[in-house]
Peer 1: 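Sharing a structure below in structure tokens format, with a few things to ask.
Convention: sequence-line order gives letters A, B, ...; per-chain numbering from 1. As the structure is a prediction and not an experimental result, all values here were calculated from the model.
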Amino acid sequence: MSDDRITPATEGNGEGGMNFEDEAYLIKLRGQMLKFATLQLSDPHLAEDTVQEALIGALRNTDSFRRQSALKTWVFAILKNKIADVLRQKTRRSEVSHSSIDDEGDDNLDKIFNARGFWQTDEKPMSWSQPLESLQKDHFWLVFEACLEHLPANQARLFMMREFIQLDAAEICQSLDISTSNLHVMLYRARLRLRECLENNWFKDGVKS
Amino acid sequence: MMNCKKATQLLSEAQDRELSLTDRAALKIHLMMCSGCTNFSQHLNLLRRFTQSYAHGDDTSHSPEKSKNDPE
């Protein structure tokens with residue numbers, strides 16, 4: 001687990017430009033990246049290599065990051081591209097093992113809709129006020145991450161492949177060897193849950209400051 | 001008439017594939033009468049927007065310090 005192969009050049013205080021005094025932050029960041037990459041690639045070694053490449057690539061070019069959130073943004077953007085490459089390559093060589101994506105017991109759909117398939121009164125989506133302002137708020141992103149983590153792993157994985165890495169449906173189905181209808185069902189459930197989670201934990205009481 | 005469960009499924013699928021004309025028509029009629037699903041539909045677009053901004057940031061990645069040069 002705590003394989004600390006890379007504690008990037010911080011200690012060597014190598015070539016200039018790396019003023020990351022906060023090594024603890026880097027370690028934490030690497031942990032987050034690893035978690036994300038492992039979920040997406042479902043191959044811990046490959047994930048580790050990918051994260052390492054991304055992190056090193058990012059740090060090499062970032063002497064100017066003073067805000068940690070900016071660094072995180074940058075590093076994840078790089079990681080995202082690397083993961084997309086790896087997934088596409090996998091597809092091409094079709095060396096993907098049969099990963100069956102099943103539905104991790106998800107029957108709270110019945111709590112959301114009534115027997116006739118209409119919204120239960122207290123589940124009906126409300127109107128979100130000033131949703132785009134949330135983007136600027138750090139606290140919103142914490143809620144967003146928590147909601148993502150709350151999803152069943154397979155749903156989170158598919159959702160992030162689709163929405164974050166932005167593979168299209170066909171690429172995802174091919175890469176994971178799943179059917180289109182399977183994909184649609186899983187994405188649907190992920191979106192239902194995520195939406196509800198954001199509503200309950202962020203939008204319900206209006207935008208917080 | 002189409003129920004909300006079906007409508008939300010279609011709305012979700014619409015994010016990933018092109019819906020048939022029939023589906024789109026039925027959906028449109030449902031949305032005209034259902035505020036819950038209308039909100040849901042907007043929320044799906046927002047989810048996409050949020051997720052894409054998640055690590056993109058806007059342009060913050062290249063301008064580390066927000067320009068706090070308010071001339072007093």
Side-chain angles (χ1 to χ4, degrees), chain A residues 36 62 64-67 69-80 109 112-114 116-120 123-128 131-132 134-136 140-141 144-145 148 159-160 162-164 166 168-170 172 180-181 183-185 187-192 194-196 198-199 203, chain B residues 1-70:
Chain A
F36 177 71
T62 53
S64 53
F65 288 96
R66 261 176 285 152
R67 276 195 318 145
S69 60
L71 174 68
K72 183 172 178 183
T73 294
W74 172 243
V75 156
F76 265 84
I78 292 179
L79 180 62
K80 173 181 128 170
L109 278 194
I112 301 183
F113 301 105
N114 66 23
R116 295 177 48 237
F118 292 89
W119 295 105
Q120 300 279 16
E123 296 286 350
K124 198 170 164 183
M126 48 180 21
S127 160
W128 292 354
L132 294 181
S134 311
L135 295 174
Q136 313 302 329
F140 171 74
W141 294 112
F144 184 80
E145 277 178 5
L148 273 178
F159 180 81
M160 291 307 268
R162 176 74 188 104
E163 303 288 357
F164 180 66
Q166 294 170 271
D168 65 32
I172 297 175
T180 316
S181 61
L183 176 75
H184 287 315
V185 171
L187 285 175
Y188 173 57
R189 301 207 157 155
R191 287 170 177 142
L192 272 179
L194 198 53
R195 192 211 70 79
E196 189 180 21
L198 289 179
E199 180 156 309
F203 289 105
Chain B
M1 177 194 136
M2 180 183 278
N3 63 24
C4 301
K5 198 170 177 179
K6 179 70 184 168
T8 50
Q9 276 165 8
L10 285 176
L11 286 168
S12 172
E13 287 185 25
Q15 303 271 319
D16 310 309
R17 71 175 175 95
E18 178 137 16
L19 298 182
S20 71
L21 202 59
T22 323
D23 283 343
R24 271 184 286 158
L27 200 50
K28 192 164 180 184
I29 292 169
H30 180 91
L31 291 180
M32 281 166 51
M33 295 178 302
C34 178
S35 63
C37 289
T38 303
N39 288 335
F40 182 88
S41 167
Q42 286 164 3
H43 297 167
L44 288 188
N45 293 329
L46 286 167
L47 277 187
R48 176 157 285 178
R49 177 97 188 249
F50 291 153
T51 312
Q52 288 173 4
S53 320
Y54 177 44
H56 267 298
D58 297 316
D59 274 316
T60 44
S61 40
H62 291 287
S63 51
E65 290 301 333
K66 42 194 163 193
S67 30
K68 267 227 160 175
N69 307 330
D70 343 35

Peer 1: Could you tell me which of A:A169, A:S127, A:A170, A:P125 has the largest number of non-hydrogen atom pairs under 4.5 Å with chain B?
Peer 2: A:P125
Peer 1: Is A:W141 close to chain B through its backbone or its side chain, or both, or neither, when contacts mean heavy atoms under 4.5 Å?
Peer 2: side chain
Peer 1: Of all heavy-atom pairs between B:A7 and B:L27, which one has the smallest distance, and what is that distance?
Peer 2: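 Looking at all heavy atoms of both residues, the shortest contact is O-CD1, 3.6 Å.
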Peer 1: Using only non-hydrogen atoms and a strict under-4.5 angstrom cutoff, which residues of residues 32-39 of chain B touch chain A?
Peer 2: B:C34, B:S35, B:G36, B:C37, B:N39
Peer 1: The criterion is side chain to side chain contact (heavy atoms under 4.5 Å, CB included); which residues satisfy it with B:Q9, sequence neighbours excluded?
Peer 2: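 Result, side chain to side chain contact (heavy atoms under 4.5 Å, CB included) vs B:Q9: A:Y188, B:K5, B:K6.
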Peer 1: I'd like to check the side chain to side chain contact (heavy atoms under 4.5 Å, CB included) partners of B:R17; sequence neighbours left out, ordered by chain and number.
Peer 2: A:H184, B:L10, B:E13, B:L19, B:D23
Peer 1: Write down the atom of A:F140, the atom of A:S134, and the distance for their closest heavy-atom approach.
Peer 2: CB-O, 3.3 Å
Peer 1: What residues form a side-chain hydrogen bond (donor to acceptor under 3.5 Å, both in side chains) with A:E163, not counting sequence neighbours?
Peer 2: A:R191, B:R48
Peer 1: A:F113 versus B:N3: any side-chain heavy-atom pair under 4.5 Å?
Peer 2: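 Contact flag for A:F113/B:N3 side chains = no.
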Peer 1: For the residue pair A:F144 and B:F50, does the interplanar ring angle fall in the parallel (under 30°), tilted (30 to 60°) or perpendicular (over 60°) class?
Peer 2: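 Ring orientation, 0 to 90° scale: perpendicular.
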Peer 1: Let me know if A:E199 has heavy atoms under 4.5 Å from chain B in its side chain, its backbone, both or neither.
Peer 2: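 Answer is side chain: those atoms of A:E199 sit under 4.5 Å from chain B.
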Peer 1: Taking every heavy-atom pair that is under 4.5 Å apart, which of A:L132, A:L148, A:L183 has the most such pairs with chain B?
Peer 2: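 With the most close heavy-atom pairs to chain B, the winner is A:L132.
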Peer 1: Ignoring hydrogens, what is the shortest heavy-atom contact between A:F118 and B:M1? Give both atom names and the distance.
Peer 2: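 Closest pair (atom of A:F118, atom of B:M1, distance): CE2-CE, 4.2 Å.
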Peer 1: Output, in order, the C-alpha distance, side-chain angles, deciding distance and verdict of side-chain contact (heavy atoms from CB on, under 4.5 Å) for B:D16 and A:I172.
Peer 2: CA-CA 11 Å; B:D16 310 309; A:I172 297 175; over 6 Å; no
Peer 1: Between B:H43, B:Q15, B:M2, which shows the greatest number of heavy-atom pairs under 4.5 Å with chain A?
Peer 2: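 Top count of heavy-atom pairs under 4.5 Å with chain A: B:H43.
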Peer 1: So what's closer than 4.5 Å to chain B heavy atoms on A:L79: side chain, backbone, both or neither?
Peer 2: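 Contact with chain B: none, neither part.
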